[in-house]
Amino acid sequence: MARRLRTLIKTKLSGLFDRAEDPSATLDYGYVRQMEQLTGLRNAILELVTAKKRLERQAEQRRADVARLEAGARRALELGDEELARRAIERKQSITAELIALVGEVSDLEAQQAKMIASERANRGRLDRVRTQKEVVKATYSAAQAQLAAGESAAELSAQLADVGSATRRIQDQVDEISVRASALEELQRAGLLDMPGEMD
């Protein structure tokens with residue numbers, strides 16, 4: 001009865017443990033998802049820096065255009081062509097306005113880049129801590145599983161030893177009974193009671 005009860009309890013506990021969510025798999029999945037998000041953030045930073053570099057290149061081209069138009073306007077004035085000089089100056093002013101807008105956009109992108117890089121560093125730091133915690137939890141879970149398995153083995157061994165002990169006591173009781181009967185038969189034989197006529201038929 002006790003053994004059946006122990007087996008039933010063990011089966012129920014093992015069933016509950018088997019149905020429990022494996023924290024190792026859950027933690028690994030969560031960590032992979034966070035790594036994917038961090039990779040996405042890094043890709044976004046790369047895209048932003050690429051866009052900023054494009055704008056910086058356009059700004060450099062506009063600066064070169066401004067310098068070329070200034071030189072052209074001076075050359076036109078030297079040659080006495082005021083109309084050409086005026087058009088060059090007007091074009092220079094238009095390009096200077098574009099350059100100012102480009103520089104402002106580059107500045108905005110640099111500010112966004114700084115924020116995104118700070119966010120990436122903070123997230124990377126948190127992810128490093130999560131990875132460490134994940135490994136600690138996985139190790140603790142594995143230790144708990146090992147402890148449970150050891151406990152189950154010890155309980156099973158204890159139950160088996162108890163059964164062996166009970167069987168040993170029963171056999172010893174039988175041996176004692178046989179020994180007592182043999183001793184009784186010897187005593188009866190010495191007394192000559194076993195040799196009486198009619199008793200052995």
Side-chain angles (χ1 to χ4, degrees), residues 12-151:
K12 293 287 185 187
L13 286 175
S14 292
L16 288 173
F17 194 75
D18 290 341
R19 283 197 306 269
E21 187 175 326
D22 180 2
S24 297
T26 302
L27 291 170
D28 285 339
Y29 176 75
Y31 181 75
V32 167
R33 294 286 298 142
Q34 290 177 343
M35 281 294 292
E36 289 170 356
Q37 291 172 357
L38 188 61
T39 300
L41 179 56
R42 288 176 178 161
N43 289 337
I45 292 171
L46 176 62
E47 290 298 320
L48 184 139
V49 171
T50 301
K52 183 187 78 168
K53 291 295 181 188
R54 280 193 203 107
L55 293 179
E56 287 174 342
R57 187 168 293 173
Q58 289 177 14
E60 286 303 316
Q61 290 171 349
R62 295 300 180 272
R63 285 187 186 95
D65 290 343
V66 166
R68 183 179 49 78
L69 288 168
E70 279 181 356
R74 276 195 302 273
R75 181 77 178 132
L77 286 174
E78 288 171 3
L79 295 174
D81 191 344
E82 291 183 9
E83 180 60 26
L84 183 58
R86 187 184 56 75
R87 285 198 310 254
I89 290 172
E90 286 174 358
R91 180 76 180 127
K92 176 193 154 197
Q93 290 171 342
S94 173
I95 290 176
T96 300
E98 290 177 22
L99 176 59
I100 290 169
L102 284 170
V103 168
E105 289 178 37
V106 167
S107 179
D108 289 346
L109 289 179
E110 283 176 345
Q112 289 178 35
Q113 177 184 338
K115 288 178 184 175
M116 290 174 77
I117 288 173
S119 175
E120 189 274 342
R121 285 181 182 151
N123 286 326
R124 189 169 5 114
R126 281 195 293 272
L127 195 54
D128 287 343
R129 289 189 295 277
V130 165
R131 183 179 64 239
T132 301
Q133 291 170 348
K134 172 180 75 84
E135 294 307 320
V136 168
V137 169
K138 285 172 67 174
T140 304
Y141 180 72
S142 296
Q145 283 183 313
Q147 187 178 6
L148 176 64

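Heavy atoms only: backbone and side chains are in, while hydrogens, waters and symmetry mates are out.
- The number of heavy atoms from other shown groups lying within 6.0 Å of CZ (R75) does not exceed 12.
- Between the CG atom of D65 and the CZ atom of R63 there is a distance of 11.5 Å, given to the nearest 0.5 Å.
- Contacts of E83 classified as side-chain hydrogen bond (donor to acceptor under 3.5 Å, both in side chains), with partners at least two apart in sequence or in another chain: R86.
- Note: R57 CZ to E60 CD = 10.0 Å, rounded to the nearest 0.5 Å.
- Note that the CG atom of L41 and the CD1 atom of I45 stand 4.5 Å from one another [nearest 0.5 Å].
- Pairing each heavy atom of A73 with each of I89, the nearest pair is CB-CG1, 3.8 Å.
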Practice problem: Go through the steps for K138 and D28 under the test side-chain contact (heavy atoms from CB on, under 4.5 Å), then give the verdict. | Solution: CA-CA 9 Å; K138 285 172 67 174; D28 285 339; 3.2 Å; yes
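- With sequence neighbours excluded, the residues satisfying salt bridge (charged side-chain N to carboxylate O under 4.0 Å, His left out) with E56 are K53.
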What side-chain donor-acceptor pairs closer than 3.5 Å can you find for residues 107-116, not counting sequence neighbours?
residue, atom, partner, partner atom, Å
Q113, OE1, K52, NZ, 2.9

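- The CG atom of L55 lies 5.5 Å from the CD atom of Q58; values are rounded to the nearest 0.5 Å.
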Donor-acceptor contacts under 3.5 Å from residues 93-101 side chains, at least two apart:
residue, atom, partner, partner atom, Å
T96, OG1, K92, O, 2.7
E98, OE1, R62, NE, 2.7

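- Summarising the geometry, atom NZ belonging to K134 is positioned 9.5 Å from atom CG belonging to L127; distances are rounded to the nearest 0.5 Å.
- Rounding to the nearest 0.5 angstrom, the gap separating the CZ atom in R131 from the CZ atom in R124 is 11.0 Å.
- Contacts of R42 classified as side-chain hydrogen bond (donor to acceptor under 3.5 Å, both in side chains), with partners at least two apart in sequence or in another chain: E120.
- Residues forming a side-chain hydrogen bond (donor to acceptor under 3.5 Å, both in side chains) with R33 (at least two apart in sequence, or on another chain): E36.
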